[in-house]
Number of protein chains: 2
Amino acid sequence: MLSPGHYQILTTLSRGGPCSRTDLARTLGVSKASISGLVRDLLNQNILCEQELVFGVGRPSVSLAVRADAASFIGVSLQQDPAVLVLTDLHGSVLARVEVPRAEDPDLCVESLVAAIDQLRATGGASTERLSGVGVALPGFVSHDRHTCVASTALGWRNVDIGAALTERTGLPTWVENDANALILGEQLFGPLRGSPDFSMVFVSYGIGCAHIVNRRLLRGNAGGAGEISHAPIAIEGFGAAPCRCGNKGCLETVASLLAITNAARRAGLPEQIGPLAALAAKGQPDALALLHRAGSALGLATAQLIQMLDPSHVVVMLDPALHDSVFAHALRKEADSHILHREGPGTMVTFRDFAPDNFASGAASLAARYFISGSDAL
Amino acid sequence: MLSPGHYQILTTLSRGGPCSRTDLARTLGVSKASISGLVRDLLNQNILCEQELVFGVGRPSVSLAVRADAASFIGVSLQQDPAVLVLTDLHGSVLARVEVPRAEDPDLCVESLVAAIDQLRATGGASTERLSGVGVALPGFVSHDRHTCVASTALGWRNVDIGAALTERTGLPTWVENDANALILGEQLFGPLRGSPDFSMVFVSYGIGCAHIVNRRLLRGNAGGAGEISHAPIAIEGFGAAPCRCGNKGCLETVASLLAITNAARRAGLPEQIGPLAALAAKGQPDALALLHRAGSALGLATAQLIQMLDPSHVVVMLDPALHDSVFAHALRKEADSHILHREGPGTMVTFRDFAPDNFASGAASLAARYFISGSDAL
DNA sequence: GCAAATGGTTCATTTCATAAAAAAATGGTA
DNA sequence: TACCATTTTTTTATGAAATGAACCATTTGC
């Protein structure tokens, strides 16, 4: 139905925001005549709309924009229990949201997800008329065709074809993706860093996740293992090197994950919740301070490794709000800063952002949105 | 002269080796009719040739191959003193070679390079009739248009437009590139790993260099700083953390570069040449063993960081031949292996290869060859 | 020999992109 | 107010490029 030319226009508008037909012709390097015809098609199909006039010297240009209601998508996050499902529009805005318990058994899990999806379809009303696809984010490895969960220790799954199951039950095309990858792909399509060709994201949850965009594409690596920062070797002098469940020693997640932090807090007789722990550290409690400083420094060192290796324009670190202005964040920034090579010009910008489980669901929805916009799942 | 279709055919043949017209049509997703016409053009221009017949069930297919003598290129390496210049054909084979002292002064340097290029042109004879371009590899940062050396501590250069200077004096289009990048781009076009979409290379010289191919493209990063493994933080327990010239502590190059090794050897009263030092270690001399083990372990740890972050299919480590079967190499492999997350399937393969200054010159020549083959310098 | 299978070519047709010209919409100026 | 310069957008005529379908070529296997 839509040609590569149509998809190029949608991608450009989605990446760079509204612009005129002439701008599109310049950006894409094709003639204004071609753009005119393609845009007409997209207007007729109610995928684009003409916005306000932009006045310059001559005839004003008409801004073209992708219509938010041209399509809607469902995103499923199995990153935590409970699972989060969202219905989003073509701008990435969340229209509806629902939570369901995350069942371990694959069949039960699909069952409850299908019920939740039906609920979203009912809630969404008119906006679900053009419902175009489902995206699933999960902690684990996903097959190359983005249908099957090859392995997930968190879920206890091996070779679960959740993509096929959901497609069959919902009648909607489904894409499955690793949680960190879904997060960064959502950011690339709809987030503040949209359009940035080289950036990385790290999130600190019970585990630690990481993903990279390089040359505008997701970095998967040879076996889909790129970004496995959890097991980055970060043994620092005086840090000790605790054995990790992977069998090695000195892995990042033995120090900086929420699980490691809460475990260490329990052993030290400190509160296990991250909020009270951070509050205690803010008041100057030495053990809490040392614990969070250690964890932040470790993640800072891993971040420095990342920056030296990839030289991204931005690294976004998603943290629990309680950690935002804490010794954890400060130690992270300081340790990272002291291990990167400073050169002229603007270096890599490290920013913190609130960690929320909904980010994964939105990211998952963006997988389907990407297909709608680019006409292929080439990431 | 050549259309995008022509370049697609050249790129496919160069990447995957000889194949038939029908194979090309299948691979590129276009009709046999189109291929037929494009191939005819390339045969007429003596860029392709028909090779042997491949017999199957029906009519045998004619293998098409890129002619090695369709064009030739000059590669310049300023990676070490003396500079190395090579003349290569379109298969990457070296046809002629010459060395010249590497002058510090940019004007003198250009002068001697031009003289050497003229010498290569004279030596090359008939093969230089289709001389198509010059590539330059140098240790330092290169501007985005691949003409100017922005900064090089090794050469003492700042904003030297060596590309423009050589183009003016030789009349040949010129591409300038960082040494590590030139090396890996040469490998991608002509080396054993040609066609592999994700791999990395590390070389150990007076400094340590590194570059990555990700999704078939060179990973440059935001400011061209990707692959700066020299200053990767590798402080290991018991390693100490020597201050580095970059101002930080615990950088890889303070331990594992040839410069660091020879300096440490001098302080310990050991031979400064890497060959005798390795021989001593092979005989069991404890200080030599400890020194090389330390250096190899450090590089192994950095390699583990690399593998965890990027998950490449291969990491090629270019080493002085004396180090190949040494404690350095063994410690490298052991340390890398003990810090990567092992999963099912074939993991990253770490291989050693001889380090030779000529590799950089060949890589430099491949920059020009790439333009001939792909019609653009989009890396 | 002849059918089956596959590789490669020819050619009329369609599709696609373009350049050039025309139309539209505005600001400035006499 | 009339008119011109400027820029955006549409229309139209032209040319390049890719295609499908038919055709020819050359082998294997029976």
Side-chain angles (χ1 to χ4, degrees), chain A residues 1-13 16-67 374-376, chain B residues 1-67 373-376 378:
Chain A
M1 188 156 79
L2 295 183
S3 75
H6 294 119
Y7 286 118
Q8 273 197 303
I9 288 176
L10 288 177
T11 304
T12 307
L13 285 175
C19 67
S20 71
R21 292 171 174 82
T22 306
D23 289 338
L24 283 172
R26 235 193 317 272
T27 310
L28 297 176
V30 295
S31 70
K32 294 185 283 184
S34 308
I35 296 290
S36 227
L38 295 168
V39 166
R40 183 170 28 243
D41 301 340
L42 292 169
L43 287 171
N44 288 339
Q45 292 185 48
N46 282 319
I47 296 174
L48 292 188
C49 61
E50 296 189 326
Q51 288 190 323
E52 81 286 353
L53 296 175
V54 177
F55 294 87
V57 178
R59 173 173 171 175
S61 58
V62 255
S63 267
L64 299 166
V66 179
R67 290 185 63 143
S374 76
S376 76
Chain B
M1 188 154 78
L2 295 183
S3 77
H6 293 119
Y7 286 119
Q8 273 196 305
I9 289 177
L10 288 177
T11 303
T12 307
L13 285 175
S14 175
R15 180 182 297 160
C19 68
S20 72
R21 291 172 175 81
T22 307
D23 289 338
L24 284 172
R26 237 193 314 273
T27 311
L28 297 176
V30 295
S31 69
K32 293 190 292 179
S34 307
I35 297 289
S36 227
L38 294 169
V39 166
R40 181 168 33 243
D41 301 339
L42 292 170
L43 287 171
N44 287 338
Q45 293 184 47
N46 283 319
I47 295 175
L48 292 188
C49 61
E50 296 189 325
Q51 289 189 321
E52 82 285 355
L53 296 175
V54 176
F55 293 85
V57 178
R59 170 176 171 175
S61 60
V62 262
S63 266
L64 298 166
V66 178
R67 291 185 61 144
I373 287 170
S374 77
S376 75

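Throughout, a chain's letter reflects where its sequence line sits, starting with A, and its residues are numbered from 1. Computed from heavy atoms alone, side chains included, the values below leave out hydrogens, waters and symmetry copies.
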- prompt: Is there a side-chain contact between A/Val66 and A/Leu42 (heavy atoms, below 4.5 Å)?
  reply: no
- prompt: Can a side chain N or O of B/Thr22 be found less than 4.0 Å away from OP1 or OP2 on C/dG8?
  reply: yes
query: Would you say a side-chain N or O of B/Arg59 is under 4.0 Å from OP1 or OP2 of D/dC24?
result: no
message: Between B/Arg40 and C/dT10, is there a contact of a side-chain N or O with OP1 or OP2 at under 4.0 Å?
response: yes
- prompt: Roughly, in whole Å, what's the span from CZ in B/Phe55 to C1' in C/dG8?
  reply: 15 Å
- request: Could you check how far NE2 of A/His6 sits from P of C/dA17, rounded to whole Å?
  value: 10 Å
field: Interatomic distance where NZ belongs to B/Lys32 and P belongs to D/dC23 [whole Å]
entry: 14 Å
Interatomic distance where CZ belongs to A/Arg21 and C1' belongs to C/dA25 [whole Å]: 14 Å
- prompt: What is the distance from CZ of B/Arg26 to P of D/dT19, rounded to the nearest Å?
  reply: 15 Å
query: Rounded to whole angstroms, how far apart are CD on A/Glu50 and C1' on D/dT8?
result: 12 Å
- request: Provide, to the nearest angstrom, the distance between the CG atom belonging to A/Leu38 and the C1' atom belonging to D/dT9.
  value: 14 Å
task: Assess whether side-chain contact (heavy atoms from CB on, under 4.5 Å) is satisfied between A/Leu48 and A/Ile9, documenting all intermediate values.
output: CA-CA 10 Å; A/Leu48 292 188; A/Ile9 288 176; 4.3 Å; yes
message: Measuring to OP1 and OP2 of C/dT18, would you say a side-chain N or O of A/Ser34 lies under 4.0 angstrom away?
response: yes
Any A/Ser20 side-chain N or O less than 4.0 Å from OP1/OP2 of D/dT8: no
- request: Would you mind telling me which of C/dT18, D/dC24, D/dT8 lies closest to the side-chain atoms of A/Ser61?
  value: D/dT8
task: Search all heavy atoms of A/Ser374 against all heavy atoms of A/Thr11 and return the closest pair with its distance.
output: CA-OG1, 3.9 Å
query: Between A/Leu24 and A/Leu64, which heavy-atom pair has the shortest distance, and what is it?
result: CD1-CD1, 4.0 Å
query: Does B/Ser36 make a side-chain N or O approach to OP1 or OP2 of C/dT9 shorter than 4.0 Å?
result: yes
query: To the side chain of B/Val30, which of D/dT9, D/dT19, C/dT18 is closest?
result: D/dT19
field: Side chain proximity check, B/Arg21 to B/Glu50, heavy atoms < 4.5 angstrom
entry: yes
task: Can you tell me the distance, in whole Å, between the CD1 atom of A/Ile35 and the P atom of D/dT7?
output: 20 Å
Proximal nucleotide (of C/dG7, D/dG20, C/dG8) relative to the B/Ala33 side chain: D/dG20
